[in-house]
Participant: 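Before we start, here is the structure in question, set down as structure tokens.
In the text below, chain A, chain B and the rest are named by the order of the sequence lines, each starting its count at 1.
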There are 2 protein chains.
Amino acid sequence: MKLSEGVEAAIHCAAVLARLEDGRALPASALAELHGLSPSYLLKHLQALSGAKIFESLPGPNGGYRLARAPERISLLDIVLAVEGAEPAFRCAEIRQRGPGALEPTAYVKPCGIKVAMLRAEKAWRAVLAETKLSEIVAGYQAEADPRAVAFNCAFVGRHQRPQGRSFPKAPK
Amino acid sequence: MKLSEGVEAAIHCAAVLARLEDGRALPASALAELHGLSPSYLLKHLQALSGAKIFESLPGPNGGYRLARAPERISLLDIVLAVEGAEPAFRCAEIRQRGPGALEPTAYVKPCGIKVAMLRAEKAWRAVLAETKLSEIVAGYQAEADPRAVAFNCAFVGRHQRPQGRSFPKAPK
DNA sequence: CTTATTGCGGATAAATAATATCCATGATAT
DNA sequence: ATATCATGGATATTATTTATCCGCAATAAG
Ligand code: FES
Ligand code: FES
């Protein structure tokens, strides 16, 4: 059982965007460079996040990405589900219905107890992620990370952020 | 994020073995047939489980598998870890140390806050699995599954279980 | 002792998913 | 008009999962 490595990148990117001044955006190329990642691949995840309405994107020159809402209203679960997909990790293939002794499908209306137990565990996982907000991550970063790293990060963002100006498109017609 | 499909098979097999009479074993071929699975592949998982001391195996004719301890003392977490491996699902590649602005390694002794949050969620998942015992799964199965399925299962096991006889090897010399 | 059965472990193949790159397109600030 | 930048699809590359096979060791039964 593994989460794709894109999750780590996505959350780190979100944390960077959360520190942006109001109304500004950061191009994908800057996010990729800051984390030493391939721009082409990071784009995939950024697109997934903007498709999930967690990031907003602005095309054209001075374009880039920014958060679609306040960091207090973005949970780690939002990000993980956007990048990783919403299907549960435990996939029940209904093996109880296979092999000899299989009954007609109507005999299996009650879900398998094993499936129920596995999904209950997964629900606990999601609950913890849902109550961890991006704002807490950012606060923790500023409090605990090496001050030099924070300063560099801040300067890098300041250097690459787009000038305040255009408003983001609200509803595509 | 996905669990391998072998987890479902492993737990179902464990539930079957839990219903075996004391001291008896069931050959892998019977477990595979009962669930309509490929014997060759199921073996892989059975071996992982016996390597993890959750199942015991007895070679030779009249050999087979049985539980290594009482179902009350086997949790779903034990089974999942044996099949899936013990590494956490969230793999931190320390991307904070990459890109420009990377500092010397000693600046990163404190774990990344994102990693901490993700592992905390995973701990919650494991906690629920750890407190769900195989005995509960078996009890739930007998109470909720279609009586015909339970009866068939029971008869199938009775037909294939090995005669009581040999004791399992305790300590390989 | 011989034989048939069964688990063990390694090697390997096939299928699937994750990772990474590229390019044509459309939007838009200058 | 031009340059910048996100979008979306197509595609290559690699890793992981799934599945199969075969020789080996153990052992019960004849
Ligand atoms: S049939 Fe899928 S978990 Fe039991
Ligand atoms: S560096 Fe791995 S989660 Fe932050």
Participant: Identify whether the distance between the nearest side-chain nitrogen and carboxylate oxygen of A:Asp78 and A:Arg69 falls below 4.0 Å.
Facilitator: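 Counted as a salt bridge, because a side-chain N and a carboxylate O are separated by less than 4.0 Å.
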Participant: Heavy atoms, side chains only, cut-off 4.5 Å: are B:Leu58 and B:Arg162 in contact?
Facilitator: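 Side chain of B:Leu58 against side chain of B:Arg162, heavy atoms only: no contact under 4.5 Å found.
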Participant: Whole Å only: how far is the CD1 atom of A:Ile95 from the P atom of D:dT18?
Facilitator: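 So the two atoms are 13 Å apart, to the nearest Å.
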Participant: Starting at atom CD of A:Glu56, determine the distance to atom C1' of D:dA6, rounded to an integer number of angstrom.
Facilitator: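 Result: 14 Å.
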Participant: Only counting residues at least two apart or in another chain, list the ones meeting salt bridge (charged side-chain N to carboxylate O under 4.0 Å, His left out) with B:Glu94.
Facilitator: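 Listed in chain order: B:Arg96.
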Participant: What does nucleotides 4-17 of chain C look like as a protein-contact string, B for base, S for sugar-phosphate only, - for none, at under 4.0 angstrom between heavy atoms?
Facilitator: BBBSBB-B-----S
Participant: Under 4.0 Å: is that the gap between some side-chain N or O of B:Tyr41 and OP1 or OP2 of D:dT20?
Facilitator: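 Answer is no, no contact under 4.0 Å.
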Participant: Do B:Ser75 and B:Glu131 get their side chains close enough for a donor-acceptor pair, meaning under 3.5 Å?
Facilitator: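 Note: B:Ser75 and B:Glu131 side chains miss the donor-acceptor criterion.
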Participant: Going by an N to O cut-off under 4.0 Å, is there a salt bridge joining B:Glu72 and B:Lys133?
Facilitator: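 No salt bridge links B:Glu72 with B:Lys133.
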Participant: Could you check whether B:Lys2 pairs with A:Glu84 (Lys NZ or Arg NE/NH1/NH2 to Asp/Glu carboxylate O, under 4.0 Å)?
Facilitator: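 Not counted as a salt bridge, because no side-chain N and carboxylate O are separated by less than 4.0 Å.
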Participant: What's the CZ-C1' distance between A:Phe55 and D:dC5, to the nearest Å?
Facilitator: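 My rounded result for the distance is 17 Å.
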Participant: How is B:Ser38 classified with respect to the nucleic acid when contacts are heavy atoms under 4.0 Å: base, sugar-phosphate, or nothing?
Facilitator: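 Sugar-phosphate: the residue B:Ser38, judged by heavy atoms under 4.0 Å, touches backbone atoms but no base.
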Participant: In this structure, how many angstroms lie between the P atom of C:dA18 and the NE2 atom of A:His45, rounded?
Facilitator: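 After rounding, the reported distance stands at 10 Å.
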